[in-house]
Amino acid sequence: MLVQMQGITKRFPGVVANDGVTFDLQAGEVHALLGENGAGKSTLMSILTGLYRPDEGRVVIEGRPVRFGAPKDAIAAGIGMVHQHFKLVAPFSVAENVILGQEGGLSLGLRQVEARIASVSAEYGLHVDPAAKVWQLSVGEQQRVEIVKTLYRGAKILILDEPTAVLTPQEAEDLFRTLRRMAERGHGVIIITHKLHEVMAVSDRCTVLRGGKVAGSRKTSETTPEELARLMLGRDIALTRQKSPAQKGEILLHVENLAVRGEKGSLAVSDATLSVQGGEIVGLAGVAGNGQRELAEAIAGLRTAQAGAVRVEGRLAFIPEDRLGMGLVPNLDVTENAILRAYRRAPVAKGFLLNPNAIREVARQLMHQFGVKTAGLDTPVRLLSGGNQQKLLVGRELAENPSVIVAAQPVRGLDVAATEAVHNLLLEARQNGKAILLISEDLDELMNLSDRITVIHEGRIMGVVEARPEETGRIGLLMAGKVEEVLPA
């Protein structure tokens with residue numbers, strides 16, 4: 001047995017994050033850890049990786065009780081984790097982040113480190129530029145850096161949090177094969193994911209947490225996605241969205257021959273043309289770092305276009321991929337974040353002054369309408385769960401009654417219930433005649449919600465495909481830039 005976590009309890013002020021949790025990992029297996037946001041998964045793994053110490057219980061690694069004082073102790077024990085919220089230093093390069101904290105790391109020389117990173121990246125299909133600064137990378141690319149960092153350090157026990165969010169279907173399959181090879185060679189792999197089909201595809205066992213306790217543990221071959229969802233939520237849930245046929249109206253968003261520069265000065269988007277009609281969802285599919293962020297920010301007016309034009313009929317709402325870095329202000333409370341788009345207008349504003357009573361009422365109504373759960377309106381947004389942060393952000397944007405919605409990675413990192421809530425909000429907006437551009441690296445999400453899928457690769461629009469399951473392979477090839485294999489001459 002590689003890992004045994006016995007009777008783990010961890011308390012924080014006002015909450016018991018883990019309550020007598022027992023979890024084990026065998027050599028040679030892939031073990032999926034499931035649960036809603038706030039169920040205790042991240043806390044449990046943070047204990048295993050030395051970020052937290054348990055209040056009760058013990059951790060045993062390969063038969064030896066351990067008590068990690070710091071993450072470096074866990075790394076020395078052969079444990080590596082890619083966290084949902086990245087542990088990277090933005091001004092440093094990829095190579096510098098990879099060797100950060102390693103004894104004697106700098107003595108290797110950056111060129112040697114970069115060469116090894118390139119080798120690891122190529123081996124696992126997780127391509128990153130070793131010399132690039134982390135602040136220049138998209139969220140998806142930063143996740144790749146974390147995965148590469150862990151693999152670079154040769155972890156025997158590998159913990160992956162949402163590892164396929166930045167991969168094409170073909171790359172995800174390659175990664176799964178790699179994880180299986182690692183397991184066959186005696187490694188232990190823990191995957192934290194909300195994608196139940198991934199659990200069924202790659203894992204040997206599943207453990208489900210709910211409310212800080214173990215709700216159940218199953219062999220993957222002896223369970224179903226529906227049972228796992230029921231264990232996670234304590235109720236049945238629809239795993240696929242039923243949407244009515246699109247009632248398309250006029251074109252409300254039109255992007256024509258758009259060119260946009262990235263942080264490095266080169267063109268991140270080249271000659272991009274796409275359109276979205278009222279009453280439809282158009283998905284934008286692509287591997288992270290292929291111009292999605294630059295395109296979205298140009299449409300939203302946050303980035304200057306070098307050429308081309310964007311036409312929006314009516315008001316535009318923008319849901320950015322980085323909900324805490326761009327969409328919300330973490331240290332401001334729920335009320336203040338709720339009115340960020342409305343603070344100049346009545347009833348929130350009274351002339352040049354803010355109306356406190358009206359502000360709280362607007363915030364209260366928004367919380368109720370969009371199902372945002374919080375201890376109080378004065379709670380700092382950073383203390384909300386990821387799902388409630390996202391519902392607040394989406395709700396605030398939809399409350400503006402936009403005609404066009406640009407939603408970038410709207411459910412990244414959310415659990416099944418929060419994902420269902422956000423997806424339902426987008427489908428309701430579609431039903432109400434809104435034009436929605438949905439940007440996601442999760443092809444299943446795009447297939448589930450979209451009417452059409454536009455594929456982007458290296459900043460160029462490769463094609464537009466109907467959102468049908470039989471088109472998955474074609475979309476994957478387009479995402480990889482292999483136009484000649486899928487498009488007629």
Side-chain angles (χ1 to χ4, degrees), residues 1-6 8 10 17-18 21 23-31 33 41-54 57-90 92-110 112-121 123-124 126 128 130 134 142-163 175 178-179 181-183 185-192:
M1 192 73 71
L2 281 180
V3 176
Q4 293 173 286
M5 304 184 77
Q6 302 167 338
I8 300 296
K10 181 63 180 178
N18 290 146
V21 173
F23 175 87
D24 62 72
L25 175 69
Q26 298 175 6
E29 76 166 347
V30 178
H31 196 141
L33 183 61
K41 307 184 302 296
S42 294
T43 299
L44 187 68
M45 292 298 99
S46 292
I47 290 171
L48 182 57
T49 54
L51 282 172
Y52 298 148
R53 294 182 182 180
R58 70 173 189 159
V59 178
V60 179
I61 304 296
E62 295 187 280
R64 180 174 62 88
V66 297
R67 188 170 178 84
F68 298 139
K72 66 178 182 180
D73 300 331
I75 293 171
I79 300 171
M81 179 176 181
V82 178
H83 291 268
Q84 180 178 325
H85 300 292
F86 309 137
K87 313 295 181 181
L88 300 172
V89 181
F92 286 12
S93 71
V94 170
E96 289 167 336
N97 270 279
V98 167
I99 62 174
L100 187 64
Q102 280 195 286
E103 187 174 345
L106 287 173
S107 66
L108 296 175
L110 279 180
Q112 184 178 346
V113 172
E114 289 174 357
R116 187 176 169 195
I117 289 172
S119 175
V120 171
S121 299
E123 180 180 356
Y124 291 94
L126 301 166
V128 293
V134 164
Q142 291 178 30
Q143 186 186 46
R144 289 190 216 171
V145 174
E146 287 280 29
I147 294 174
V148 168
K149 181 172 67 175
T150 304
L151 295 172
Y152 178 96
R153 298 182 180 191
K156 187 173 183 180
I157 299 162
L158 183 64
I159 306 165
L160 299 170
D161 193 348
E162 303 291 347
L175 176 61
T178 299
L179 297 181
R181 285 198 299 270
M182 291 177 65
R185 294 169 186 171
H187 292 268
V189 180
I190 301 171
I191 288 186
I192 305 171

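Keep in mind the model is a prediction, meaning the values are calculated, not measured.
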Any donor-acceptor N/O pair, Lys156 side chain to Gly188 backbone, under 3.5 Å: no
With a 4.5 Å cut-off on side-chain heavy atoms, are Phe92 and Val134 touching? no
Please report the interatomic distance CD1(Ile191) to CG(Asp161), rounded to the nearest 0.5 Å. 10.5 Å
Does Leu51 reach the side chain of Met81, with side-chain heavy atoms less than 4.5 Å apart? no
With distance as the sole test, does Ser119 use its side chain to make a donor-acceptor pair with the main-chain N or O of Ala115 at under 3.5 Å? no
Below 4.5 Å, heavy atoms only, C-beta onward: do Glu29 and Leu25 meet side chain to side chain? yes
Let me confirm one number: the CZ-CZ distance from Arg67 to Arg53, rounded to the nearest 0.5 Å. 5.5 Å
Between CD1 on residue Ile79 and OG1 on residue Thr150, distance to nearest 0.5 Å: 12.0 Å
Could you pull out the closest heavy-atom pair between Val89 and Asn97, with the gap in Å? N-OD1, 2.8 Å
Minimum side-chain heavy-atom gap Leu88-Val94 below 4.5 Å: no
Tell me, with the steps shown, if Leu158 and Leu179 meet side-chain contact (heavy atoms from CB on, under 4.5 Å). CA-CA 9 Å; Leu158 183 64; Leu179 297 181; 4.3 Å; yes
Answer yes or no: is there a donor N or O on one side and an acceptor on the other, between the side chain of Arg153 and the main chain of Val98, under 3.5 Å? yes
Donor-acceptor check, side chain of His187 to backbone of Ile157, threshold 3.5 angstrom: yes or no? no
Can you list the residues that meet the side-chain contact (heavy atoms from CB on, under 4.5 Å) rule with Pro54, with sequence neighbours excluded? Ile8, Ile47
With distance as the sole test, does His31 use its side chain to make a donor-acceptor pair with the main-chain N or O of Asp24 at under 3.5 Å? yes
Steps toward side-chain contact (heavy atoms from CB on, under 4.5 Å) verdict (Asn18, Phe23): CA-CA 11 Å; Asn18 290 146; Phe23 175 87; over 6 Å; no
Counting only heavy atoms from other residues, nucleotides and ligands, does the tally under 6.0 Å from OH of Tyr52 exceed 12? no
With the side chain counted from C-beta on, respond yes when Leu48 and Ile190 share a heavy-atom pair under 4.5 Å apart, and no when they do not. yes
Taking all atoms of both residues into account, what is the closest heavy-atom pair of Met45 and Ile192, and its distance? CG-CD1, 3.7 Å
Residue pair Ile61 / Val3, side-chain heavy-atom distance below 4.5 Å: yes
Quick one: does Ile99's side chain get under 4.5 Å of Leu110's, heavy atoms only? yes
Give me the atom names and distance for the closest heavy-atom approach of Glu114 to Ala95. CG-CB, 3.7 Å
Can you name the closest pair of heavy atoms from Ala27 and Gly186 and give their distance? CB-O, 3.5 Å
Heavy-atom pair of closest approach, residues Leu44 and Met5: O-CE, 3.5 Å
For Ala183 against Val30, the heavy-atom pair lying closest together: CB-CG2, 4.3 Å
